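When a ligand or atom number is given, it counts from 1 through the structure's own listing order. Keep in mind that this is a model prediction, so the values were computed, not measured. Basis for what follows: all heavy atoms, side chains included, without hydrogens, waters or symmetry-related copies. We number each residue from 1, following the sequence as shown.
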Amino acid sequence: MTSPVFDSESKTPWEAEVDVVVVGSGVAGLTAASRAAELGLRVLVVTKGRLADGNTRWAQGGVAVVLADAAGGDGDTGDTLDAHVADTLTAGAGLCDADAVRTVVEAGPAAVEWLRSRGARFDTDPAGRLARTREGGHSAFRVIHAGGDATGAEVQRCLVAATEGLPVLEQHVAVDALTTASGEVCGLRVLAAPDSTPGTVRARAVLLATGGLGQLYQATSNPELATGDGLALALRAGASAADLEFVQFHPTVLYTPGARGRCPLVTEAVRGEGAVLVDAAGDRVMRGVHPLGDLAPRDVVSAAITRRLASAPGGVDDHVFLDATAVTGFAERFPTVLAACTAAGIDPTREPIPVVPAAHFACGGVVTDRHGRTEVAGLYAVGEVARTGLHGANRLASNSLLEGLVMGRRVAEAMAMDLAAGRSAVSDPRPGPTPVAPVAERSVLQRLMSRYAGIGRDAEGMAVAGSVLDVSTKDTPLWTVDAVEDAALTLVARALLAAANTRTESRGCHVRHDHPERDDRLWRRSQTVRLNPSGQPVLTDPILEDVA
Ligand SMILES: Cc1cc2nc3c(=O)[nH]c(=O)nc-3n(C[C@H](O)[C@H](O)[C@H](O)COP(=O)(O)OP(=O)(O)OC[C@H]3O[C@@H](n4cnc5c(N)ncnc54)[C@H](O)[C@@H]3O)c2cc1C
């Protein structure tokens, strides 16, 4: 095999060749890259921004993990793996794959140990044990954290250090999968940002670790990179996606009037330490709503806030407040939140923080098995872009960093095994022109999705969103980074609308105003979306089968 050739400085099309190309450099991508390199594979990381950019670095709350003692539970807190599994299944509202949940939860302690062995520093209590906090939906104190509320930054720092020396193409954007004549994935078409120089990476395995899709919405906690690129790429390559209708809205991002793009998060752990949600009149938002009060699961809290805003006297309010004035040691425990509040002119130790729900996490994604394999040979997916069955209809807080660590290692091992058993050489891709895809203007799309496919949805609104999207798209060649992102957002919006419209019930983080009840008789099942031959997302399951 030839060595990689990186010619991204020139306008000349360039080509590279490796065993495994990892797309994305968050917790999932870098964990997988590191493990794949340990296993002797030639790895290249292709990433859209800088190496440290992505959702991971913004994660605040922590990593949910039961630190096992000899008895399989946590001697300090009385927590158990069974309790973590049970909490995950409860949050997932009947749609988790119970085996996937158990295998990820059980592998958690070893994955965290691995990260610590690579230098990750988590916060400790005065006795020197790992400090643990509690977040919404957790029945125990099991969320470990770093730098107070800067867990993601520490995880990212550690993984960037752990992968030092691996070849990386920063500011390069994966456009499309290259396939062989028989449909196997054998590489990627890539653009070097910002001048969009085209290139190809030929690889024996392609791993998508491209994160989430928060930029579908006007208000989101996700950074600008989170445009659903990997999901769109996988659908176009022939893979299927599931649970797309379940977008988790974080109940509390900092409210600043007219804000767009990434909104600073006010981590749930602030409520874990005693802060409470109040409306403009000072009345508790969560009183009488759920037995866990302010620590109820995210969908419950987000829906309660949305209802309270809609029922405000004199019309719709645009935010509520998080009163954290009684939290002791706020500055040390939540330095990131404090900095964001200070930048907005708010002192959270003296006054309530204005907050609002925002798009936060994609519970669904590219369908994979428990080792990150998609249905398309040569194509793998891991992290937020993937749907393993861990999250079901709603993710339990702090389970996604855990998933990235556990599944990142596992998918690397699966790729190594598959490559040892199968393809010994890089295959030649079928020649093809630059792909062309329907593209809607981003601001129009974000407005439509926020208005009609946000926390509350109904058939009428989603029909409006679908028809406006249909008339406002233009077929566009994917030869700029903007076009790649906008095409991904457009395809993912259509797929999400198709799934959300068909699910005529409310479940997990999917709330239908016109079908407010959960309907286990018809809907205790995931929906799968694929592209039909003309590139339209269609549901492929016999979706109305009675499962009672
Ligand atoms: C504000 C915030 C707080 C959070 N807090 C927590 C928490 O406390 N605990 C928890 O468990 N989870 C938390 N989450 C969720 C968690 O951070 C993410 O789910 C997780 O980090 C996703 O990791 P990932 O590796 O899958 O993706 P990311 O970290 O998002 O990385 C995706 C990578 O893919 C790259 N990429 C995207 N498209 C392309 C393309 N076309 N070509 C090349 N590269 C591409 C990006 O540049 C990036 O490097 C939080 C999320 C946010 C936004």
Under 3.5 Å side-chain donor-acceptor pair for Ser526 and Arg387: yes
Distance, nearest 0.5 Å, that separates CG of Leu188 from NE2 of His172: 12.0 Å
Residue pair Asp123, His145: steps toward the side-chain hydrogen bond (donor to acceptor under 3.5 Å, both in side chains) verdict: CA-CA 6 Å; Asp123 298 336; His145 44 86; 2.8 Å; yes
Anything under 3.5 Å between a donor and an acceptor, one on a side chain of residues 393-402, the other on a protein residue two or more places apart or in another chain? List them.
unit_1, atom_1, unit_2, atom_2, d
Asn394, OD1, Gln248, NE2, 2.8
Asn394, ND2, Asp299, OD1, 2.6
Arg395, NE, Gln248, OE1, 3.4
Arg395, NH1, Ser400, OG, 2.4
Arg395, NH2, Gln248, OE1, 3.1
Arg395, NH2, His360, NE2, 3.4
Ser398, OG, Gly62, N, 3.4
Ser398, OG, Gly62, O, 2.9
Ser398, OG, Glu135, OE1, 2.5
Asn399, OD1, His84, NE2, 2.9
Asn399, ND2, Thr88, OG1, 3.1

Close residues, ligand 1: non-hydrogen atom nearer than 4.0 Å: Val23, Gly24, Ser25, Gly26, Val27, Ala28, Val46, Thr47, Lys48, Gly49, Asp53, Gly54, Asn55, Thr56, Trp58, Ala59, Gln60, Gly61, Gly62, His172, Val173, Ala174, Ala209, Thr210, Gly211, Ser221, Asn222, Leu225, Asp229, Leu265, His360, Phe361, Gly383, Glu384, Arg395, Ser398, Asn399, Ser400, Leu401
ring-ring contact (aromatic ring centres under 6.0 Å, His included) against His319, all qualifying residues, sequence neighbours excluded: Tyr255, Phe321
Pairs satisfying salt bridge (charged side-chain N to carboxylate O under 4.0 Å, His left out), at least one member in residues 153-168, at least two apart: Glu154-Arg157
